[in-house]
Amino acid sequence: MGSGREGSLAAPVLPAQSRPFASYGSALHIALPQPPRAGQLLTLHIDYEAGEGPGVCWLSPEQTAGKQKPYMYTQGQAVLNRSFFPCFDTPSVKCTYSAEVKVPEGFTAVMSATSWEREKDNTFIFKMSQPIPSYLIALAVGDIVSADVGPRSRVWAEPCLIEAAKKEYDGVIEEFLVVGEKLFGPYVWGRYDILFMPPSFPFGGMENPCLTFLTPCVLAGDRSLADVVIHEISHSWFGNLVTNATWGEFWLNEGFTMYAQRRISTEVYGLPYTCLEAATGRALLRQHMDNTGEDHPLNKLRVVIEPGVNPEDTYNETPYEKGFCFVSYLAHLVGDQSKFDGFLQAYVNRFKFQSITADDALGFFLEYFPELKEKGVDTIPGFEFDRWLNTPGWPPYLPDLSPGEQLMKPAEELAELWAADGLNVEAIEAVDIAAWRTYQLVYFLDQILQKSPLPEGNVERLSKMYPKISRAQNAELRLRWCQIILKNNLEAEYSKVKDFLHSQGKQKYTLPLYRAMWAGPEAARALAMETFSATAPQLHVNVQNYVKKILGLEVAEN
């Protein structure tokens with residue numbers, strides 16, 4: 001899910017009785033008239049109604065981009081689809097599915113399916129011919145249109161967004177798919193379409209097969225965030241094709257996907273840029289572990305999820321970035337990139353359409369490289385595979401990101417200049433940031449944020465000198481600029497924080513800003529309460545509840 005950039009929730013694991021999780025659905029017990037014979041095929045017909053659960057999201061026209069018609073979508077990960085249809089809501093079970101969806105005139109239905117057709121009476125027939133876990137079954141209904149952007153890809157969006165979506169992604173997706181196939185093997189899902197969601201969609205992206213759900217925040221107008229979709233494309237192999245058998249080993253989905261994303265990015269954009277992007281990921285991991293404490297039990301790759309606890313509440317940066325470090329460590333043990341690429345292809349081929357554990361994955365790694373098994377690489381002191389999986393804390397191995405220095409160093413030096421007591425304007429003006437790509441600007445702003453609060457007046461000067469940053473429409477830059485405003489108590493620019501939170505409901509952007517407001521002075525806290533009061537209805541129920549926790553408000557039972 002997402003691009004590894006969803007923000008660290010760091011929610012404590014609460015006792016089952018204190019969570020509203022049980023109301024997501026109840027077990028359905030079926031009594032058979034007589035015991036079935038071994039190998040007998042049973043057809044079960046279940047009549048049911050759904051629609052009120054947290055997996056089914058109903059948006060009023062005001063919550064959409066077009067603001068004309070209502071919209072509905074489902075979000076299955078991690079265990080929300082039990083409120084959408086009767087299912088084995090565990091990633092360890094995979095199945096094919098078909099669906100017939102009748103919607104009112106003027107609406108279009110789309111699903112995560114390998115084929116679909118529209119029949120009379122505005123009825124849509126969908127079939128998913130490959131086995132997938134229940135969390136990847138997804139439906140959206142709204143005022144949705146499409147445009148082709150490649151030989152096996154189209155973008156779907158509300159009419160007011162379709163031109164922007166087409167312009168941003170025309171020709172882009174196929175390039176990423178081709179590189180992914182070269183590295184990891186055939187793309188088995190047929191089409192790769194993207195549905196741009198309404199602004200209230202809480203995630204960066206959801207990798208529903210054949211139809212990724214993506215935040216409209218990536219429509220920056222200059223393709224500067226187009227590479228966000230590389231993460232979701234990488235899930236086509238890692239997560240969708242080879243799936244974690246339990247949510248306690250979510251790193252198998254996300255750690256491998258982060259590694260795959262960065263392999264594709266290296267092929268397309270080069271190693272320095274990928275190292276820079278990975279450095280921003282490492283900074284997020286550092287921030288998360290500083291917030292929670294390194295020894296927090298959720299900072300293990302193999303997490304123990306107590307019965308009755310929602311796996312969503314264990315979600316944080318660790319499976320993404322610490323998982324990436326573990327996969328990078330496996331590559332480091334091999335010592336040859338092309339050999340490790342070969343292993344990844346073999347891994348996908350060996351476990352495709354299956355759900356596996358870390359023991360399966362690591363066992364296959366040692367089987368594939370018998371010389372490493374013989375050396376006992378799984379028990380090297382300090383780097384034991386068991387330590388990686390079961391010990392919380394900072395990764396014991398960090399991949400070398402030094403090729404990114406050529407992009408990081410200028411950003412670090414410029415941040416130093418802005419953090420100084422007396423500004424050296426001449427030195428600052430000598431640095432031309434016009435050609436800097438998004439993640440270089442992001443890295444610069446992360447440095448500024450770390451050094452904040454800056455000496456008085458410096459942030460105002462910075463704001464005036466770099467309208468490219470302070471007036472950016474790029475969501476990654478807006479997030480960081482808003483954090484800088486709050487860390488420096490820049491009340492004159494509070495409206496930018498408010499505008500950004502009104503414009504979207506993405507979890508990654510929303511939660512850090514509420515945390516920053518709540519940690520600030522009275523005026524910032526008042527801004528938090530006022531903004532949440534105005535925007536709560538446009539937020540996904542999970543995001544509403546997380547914000548309520550931050551603000552000390554009561555979380556209602558679902």
Side-chain angles (χ1 to χ4, degrees), residues 1-12 202-204 228 231 250-251 254-255 258 261-262 275-301 303 313-326 328 392-399 401 404 408 411-412 415 419 438-454 459 475-489 497 500-501 506-520 524 528 543 546-547 549-550:
M1 174 171 39
S3 54
R5 298 282 174 273
E6 304 312 326
S8 307
L9 300 191
F203 309 112
V228 167
H231 183 87
F250 186 45
W251 77 272
E254 296 299 349
M258 290 306 295
Q261 169 197 323
R262 287 170 180 155
C275 288
L276 173 63
E277 185 275 325
T280 66
R282 189 179 294 178
L284 283 173
L285 181 65
R286 181 73 269 164
Q287 198 180 329
H288 158 69
M289 288 203 176
D290 288 347
N291 286 343
T292 58
E294 286 196 17
D295 291 338
H296 195 291
L298 293 185
N299 292 334
K300 294 189 285 190
L301 290 181
V303 176
D313 288 347
T314 68
Y315 178 89
N316 60 61
E317 290 290 342
T318 298
Y320 291 83
E321 293 296 344
K322 188 174 179 179
F324 164 72
C325 289
F326 189 18
S328 300
W394 195 242
Y397 169 86
L398 295 170
L401 302 182
M408 292 182 222
E412 288 165 1
T438 298
Y439 276 110
Q440 197 171 8
L441 292 169
V442 161
Y443 188 79
F444 166 64
L445 292 180
D446 281 342
Q447 302 298 308
I448 293 288
L449 188 58
Q450 280 173 25
K451 297 173 192 303
S452 291
L454 301 188
V459 178
E476 292 292 325
L477 300 179
R478 286 178 85 179
L479 166 67
R480 280 144 178 106
W481 186 245
C482 288
Q483 288 174 303
I484 289 164
I485 287 168
L486 293 167
K487 193 87 181 278
N488 289 276
N489 296 329
V497 180
F500 187 41
L501 289 170
K506 189 181 166 188
Q507 188 168 290
K508 171 202 170 177
Y509 302 141
T510 302
L511 301 185
L513 291 181
Y514 277 103
R515 282 199 204 97
M517 285 186 279
W518 206 242
V543 181
Y546 290 129
V547 175
K549 281 184 200 165
I550 292 167

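Please read all numbers here as calculations on a predicted model, not as lab measurements.
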Query - Test side-chain hydrogen bond (donor to acceptor under 3.5 Å, both in side chains) applied to K300 - qualifying residues, sequence neighbours left out - result: none
Query - Residue list, side-chain hydrogen bond (donor to acceptor under 3.5 Å, both in side chains) with E294, at least two apart or on another chain - result: R286
Query raised in the report: Under the side-chain contact (heavy atoms from CB on, under 4.5 Å) criterion, do Q483 and L445 qualify, and how do the steps go?
Result: CA-CA 9 Å; Q483 288 174 303; L445 292 180; over 6 Å; no
Query raised in the report: Roughly how far, to the nearest 0.5 Å, is the NE2 atom of H231 from the CE atom of M258?
Result: 6.0 Å
Query raised in the report: So F250 and Y320, would you call those rings parallel, tilted or perpendicular, with 30° and 60° as cut-offs?
Result: perpendicular
Requested in this report: For the pair K322 and W251, evaluate side-chain contact (heavy atoms from CB on, under 4.5 Å) and give the outcome as yes or no after the intermediate values.
Outcome: CA-CA 8 Å; K322 188 174 179 179; W251 77 272; over 6 Å; no
Query raised in the report: Should the pair E277-R262 be classified as a salt bridge under the 4.0 Å nitrogen-to-oxygen rule?
Result: yes
Query - Contact list for residues 441-450, test salt bridge (charged side-chain N to carboxylate O under 4.0 Å, His left out), sequence neighbours left out - result: D446-R480
**Report entry** Value rounded to 0.5 Å, distance of CZ in R282 from CH2 in W394
**Finding:** 6.5 Å
Query - Face-on cation placement of K549 at Y546 ring, 6.0 Å and 45° thresholds - result: no
Query raised in the report: Any side-chain heavy atom of L298 sitting closer than 4.5 Å to one from T292?
Result: no
Requested in this report: State, yes or no, whether a side-chain contact exists between P297 and V303 at a heavy-atom distance under 4.5 Å.
Outcome: no
Query raised in the report: Shortest non-hydrogen contact from L301 to P319?
Result: CD2-CA, 4.3 Å
Query raised in the report: Just how far is it from atom CH2 of W518 to atom CG of L513, taken to the nearest 0.5 Å?
Result: 15.0 Å
Report task. Kindly write out the residues that satisfy side-chain hydrogen bond (donor to acceptor under 3.5 Å, both in side chains) with W481, not counting sequence neighbours, or none if the list is empty. Result -> E493
Report summary line: For T438 and L477 the tightest heavy-atom approach is O-CD2, 4.2 Å
Query - Derivation and outcome, side-chain contact (heavy atoms from CB on, under 4.5 Å), residues Q287 and L284 - result: CA-CA 5 Å; Q287 198 180 329; L284 283 173; 3.9 Å; yes
Query raised in the report: Looking only at heavy atoms, what is the nearest atom pair of A475 and F500, with distance?
Result: O-CZ, 3.7 Å
Requested in this report: Determine the minimum heavy-atom distance between Q447 and A415, stating which atoms define it.
Outcome: CB-CB, 3.5 Å
Report summary line: dist K487:NZ -> L454:CG (nearest 0.5 Å) comes out at 9.5 Å
Query raised in the report: Between atom CD of E321 and atom CG of L398, what is the distance when rounded to the nearest 0.5 Å?
Result: 10.5 Å
Query - Check: L479 and K508 side chains under 4.5 Å, non-hydrogen atoms - result: yes
Query raised in the report: F324: what forms a ring pair (Phe, Tyr, Trp, His ring centres under 6.0 Å) with it, not counting sequence neighbours?
Result: none
Query raised in the report: Hey, does the side chain of N488 reach the backbone of L486 with a donor-acceptor pair shorter than 3.5 angstrom?
Result: no
Report summary line: Minimal heavy-atom distance between I448 and I484, with the atoms involved, is CG2-CD1, 3.7 Å
Query raised in the report: Regarding N299 and H288, is there a side-chain donor-to-acceptor distance under 3.5 Å anywhere?
Result: yes
Query - Minimum-distance pair of heavy atoms, taken over all atoms of A279 and M408 - result: CB-CE, 3.7 Å
Query raised in the report: Any donor-acceptor pair under 3.5 Å linking the side chain of D295 with the backbone of G393?
Result: no
Report task. First locate atom CG of L285, then atom CG of D290, and finally report the distance between them rounded to the nearest 0.5 Å. Result -> 9.5 Å
Report summary line: Residues at least two apart in sequence or cross-chain that pass side-chain hydrogen bond (donor to acceptor under 3.5 Å, both in side chains) with S328, listed by chain then number, are none
Query raised in the report: Y443 and E412: side-chain donor and acceptor closer than 3.5 Å?
Result: yes
**Report entry** Trace of the side-chain contact (heavy atoms from CB on, under 4.5 Å) decision for L501 with Y514
**Finding:** CA-CA 9 Å; L501 289 170; Y514 277 103; 4.1 Å; yes
